[in-house]
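Have a look at the structure below before the remarks.
Residue numbering restarts at 1 for every chain, and letters A, B, ... go by the order of the sequence lines. Quick caveat: nothing in here was measured; it's all calculated off a predicted structure.
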Amino acid sequence: MAAGTTVHHYCMNYSCSAPSLGPRMKRGRFNIQLNNPSLSTPERAVKRRRSGASGFHWHEPHLPDSVEDWGNLPHHVVLQIFQYLSLVDRARASSVCRRWNDVFHIPDLWRRFEFELNQPATSYLKSTHPDLIQQIIKRHAQHLQYVSFKVDSCTESAEAACDILSQLVNCTIKTLGLISTARPSFMNVSQSHFVSALTVVFVNSKSLSSIKIDDTPVDDPSLKVLVANNSDTLKLLKMSSCPHVSPAGILCVADQCHGLRELALNYHLLSDELLLALSSEKHVHLEHLRIDVVSENPGQTQFHTIKKSSWDALIRHSPKVNIVMYFFLYEEEFEPFFCEETPVTHLYFGRAVSKEMLGRIGLNCPRLVELVVCANGVEPLDEELIRIAERCKSLTAIGLGECEVTCTGFIEFVKRCGGRLSQLSIMEEVLIPDNSYNPEQIHNEVSKYLGRMWFPDMMPTW
Amino acid sequence: MVVNSVHWFRKGLRLHDNPALQEALKGADTLRCVYVLDPWFAGSANVGVNRWRFLLESLEDLDACLRKLNSRLFVVRGQPADVFPRLFKEWGVTRLTFEYDSEPYGKERDAAIIKMAQEFGVETVVKKSHTLYDLDRIIEMNNSSPPLTFKRFQAIVNRLGLPRKPLPTVTRQQMDGCWTDVSMNHDERFGVPTLEELGFKTQELSPAVWKGGETEALERLKKHLDRKAWVANFERPQINVCSLMASPTGLSPYLRFGCLSCRLFYYELRDLYLKVRKHSSPPLSLFGQLLWREFFYTAATNNPNFDRMEGNPICVQIPWDHNPEALAKWAEGRTGFPWIDAIMTQLRQEGWIHHLARHAVACFLTRGDLWLSWESGMRVFEELLLDADWSVNAGSWMWLSCSAFFQQFFHCYCPVGFGRRTDPSGDYIRKYIPKLRDYPNRYIYEPWNAPESVQKAVNCVVGVDYPRPMINHAEVSRLNIERMKQVYQQLSHYKGLTLLQNLKRSLYFHLPGPSLGCYKSVPFSV
């Protein structure tokens, strides 16, 4: 595999399944793939094998002058056409004539960019060509508005991302995303290097609206800089698993950035003060709050509790807010949670979750919309599920992994939920046959109550 | 007109239910049964010693059965494209028969052989008997594309009715009609090679747990049915420690090599069910194992890129990590997670693991923990697993890594919890990782959590006698869920179909796409 990827390493990372423009600029329908991990088509492979020669013969000596002079098309027409081309094709087109070259460098085409930084030893994916990166920094840094960096698990890639960030001095970036596609390689960059690169953008942009910096070594001082320069414009901040930030750091953001609508952080940063700050009169309605609850060492972390009054204040201020909680804990660590009414809407349990916890959820989570349980013990969850069906009237989606529910209990659950369950994902092994039903009959019953055809999820039994 | 038949064994290593072999016998004057062995493959890392041993045992068994019918098996070394022209001439072959191979590589190879045979004036007869149904018919009935969900596949199979009945085994009378020219030096020229001849060192090889061959397959079938009848329970049994061990009635390797006809198995099961349950018709789930196999064969038959991510139209492009060191730890059972290591040890030693064990290690390698490509896992299974053929192996790996067919990626198997729930006694671990034998049940699935005193007392200190866990499961599963979400969020036609995606799309985060200007708002939920 490694041998194969070296060939691709420095290829342009934008591939488009539409073949490149010929001199006639004839174009039928495009099938543009936006360079994302989507289903590939065989044409992509073909595309890469094309040679670099442009092969344009744009001077058509037998055509009359003014009517079909491609070089004299108005800028906005060429711009329209360029928007359908992949970056590679656009780059080739830009060397045809001055007009086309001008259009290639029109600021509008450089508002959005995704830098992909991968090393052949750690990734099967291609990287943005270093020459292109240089060109962007030299000529288009000031045009960039929506930028993201996708890095693989190699520290070198994350460092390269930081180097680029440090050079984006004259820009007005609105959206910034630092995304690790495998291991969190930003965490291996030296903290000072990372922070100084990030603050370049924070200081210079002055109109940052959305920032995604999960799994990075961002710290409280950088957040202060962010706030000092962008408090009017900040709408979204995603910073799960940033271990160098403290509750005070994030509180500073909530206090000053009154337009913040979406926030993602870890539980240790959540505090009563934070919820109250997000509910202050000056603050807009919060739309999303995502909280990751992660175990550090089993049994060693004490999780603090949030007062019911703080949650109440949040809901009063933002009645429609989605509160999403992801739990990655050991069974013994669930004690402090959901002992009182909690307005969570989406719950995900990434490891096992105890029967007691599920029982408390049924009692104390009236706003629950979606529940996903990876695993449970070996006792059936009938009672707990039925209670959830009865008390969580907004529940529309549920997923059960390694759990156990008797067929009868499951049907009772579905009966109570009825057609409001738009998502019901249960592994086949979860359902225990009993005297009333066996796995063959169950899907008929469940389909009846749901009002649509339903089957449990399956894994190959080969 | 003299008819000199050659029957070419590839899979279908059996004399029962072998329509192609029957065709070879019809009106033939001479018959030779041939197996073409490419010795070059023995050196390749990708077929392990257990697979070779099983194959050689199956060939020995075929030879023994043919001997009883006054014939022999001819094992010819080389590649089919080189071997057949020589044999056609030497033996004056007029008819070549073989069982249809639905896999894309097989179809290509066979097309070339058929063309070549035509040039030699050799009649070719190909018969389908490796699958229950005609796979092309299934595809046709699904609007010319293979069904990509198992339920859809079952619905179509339901409409097809019963598969064709298995043919009886070749009889002495049939064979008496034709003659096999067996020379004095047959064993030298055409004998079944030994493992040593192929370059394997056999001194330290433990006896085979799964013995190859049609005879063994039919005995196992009988025992399998006896056990089912005795239990009178055709439900899927709950898994316990016994299910994890190699079963004396297990049949999957025999189905793969064709030592057992899938149609025979189907009808024997069906007949037993009808006898025991008297009035009910067997549900499709009774044939679960066979139908899964059929499903993957159907999905793969027209897709030459079925076994890779790039260029495979049904496979989601996931940014897997590339880490040969981590892959080696997984493949060699050195992850530090006893459940995973025991499974990989059983796989390497015996060549078979229970399907739930497969789910556990496949999830661990790919979307669950290591975030490595399913293709690497597939290659390890190809080397070690007796019943892994191209279609089923690739298909299962794509399924288990959420790359195709299946997208509920929240279903994750914990390398500690899942093992403990499956076998609370810990006996499975103790059998395959003897070093951990004296660990108490409380710690045997997570020995790193045992106090130092306990570790010293059982003479197995983590980090010294047994590896430390190679990753922190809680941390990586959190990361991997995020990665999978990222991937699936960018697939617009999966919108809303998977859990963890139902959150209202954020209007405020626009992931830039490369087609600058052709701006598409990519949903991004918090």
Side-chain angles (χ1 to χ4, degrees), chain A residues 14 32 34-40 42 45 83 87 108-114 121-125 146 148 153 175 181-182 184 209-210 235-236 262 264 288 290 294-295 322 324 328 346 348 350-352 370 372 374-375 378 397 399 401-402 423 425 427 440 455 457-462, chain B residues 150-151 235 252 283 285 288-289 292-293 310-311 313 316-323 355 359 371 373 392 396 399-400 408 410-414 417-418 421 449 474-475 477-479 481 483 486-487 490-491 499-500 502-504 506 508-520 526:
Chain A
Y14 296 121
I32 310 244
L34 302 184
N35 187 46
N36 50 24
S38 63
L39 304 181
S40 80
Q83 286 175 0
L87 192 59
D108 276 342
L109 290 177
W110 297 97
R111 300 258 175 257
R112 294 153 227 287
F113 201 84
E114 180 163 85
T122 41
S123 171
Y124 301 109
L125 300 179
Y146 307 94
S148 64
S153 46
T175 299
T181 58
S209 161
S210 303
K235 294 194 174 75
L236 179 150
E262 300 193 29
H288 278 291
R290 167 170 163 168
V294 186
S295 173
N322 280 324
V324 182
F328 296 93
H346 297 74
Y348 172 75
R351 297 178 63 106
E370 176 174 312
V372 178
C374 246
V378 287
E402 296 167 49
Q423 278 274 277
S425 175
M427 289 300 282
E440 299 301 320
F455 293 102
D457 291 338
M458 300 176 128
M459 289 286 200
T461 56
W462 178 248
Chain B
F150 191 60
K151 278 304 166 193
E235 318 285 318
S252 57
S285 58
Q289 196 181 21
W292 277 107
R293 175 180 176 270
E310 194 172 324
V316 176
Q317 307 294 302
I318 298 177
W320 303 114
D321 206 2
H322 181 53
N323 188 336
H355 69 258
H359 299 170
W371 197 255
S373 167
V392 178
S396 302
W399 189 293
L400 295 171
Q408 297 295 1
F410 74 86
H411 286 305
C412 236
Y413 297 97
C414 177
F418 184 45
R421 276 186 285 276
N449 280 333
E475 191 202 303
S477 59
R478 178 190 64 79
L479 284 168
I481 281 286
R483 308 298 161 246
Q486 271 168 28
V487 171
Q490 293 190 294
L491 299 175
L499 287 163
L500 308 182
N502 285 330
L503 303 178
K504 186 200 91 166
S506 164
Y508 305 110
F509 193 91
H510 308 305
L511 269 177
S515 181
L516 312 176
C518 247
Y519 167 63
K520 183 167 97 175
V526 175

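- Taking the six-membered ring for Trp and thresholds of 30 and 60 degrees, A:Phe113 and A:Trp110 have nearly parallel ring planes, at less than 30 degrees apart.
- Between A:Phe328 and A:Ser295, every side-chain heavy-atom pair lies at or beyond the 4.5 Å cut-off.
- Both the backbone and the side chain of B:Trp320 have a heavy atom closer than 4.5 Å to some heavy atom of chain A.
- Considering only heavy-atom pairs separated by less than 4.5 Å from chain B, the leading option among A:Met458, A:Glu402, A:Met427 is A:Glu402.
- Looking at B:Arg478, the atoms closer than 4.5 Å to chain A (heavy atoms on both sides) sit in the backbone and in the side chain alike.
- For A:Thr122, the side chain to side chain contact (heavy atoms under 4.5 Å, CB included) partners two or more places apart in sequence, or in a different chain, are A:Gln119, A:Asp152, A:Ser153, A:Cys154, B:Asp321.
- For the residue pair B:Gln289/A:Thr461, the side-chain donor-acceptor check at 3.5 Å is not satisfied.
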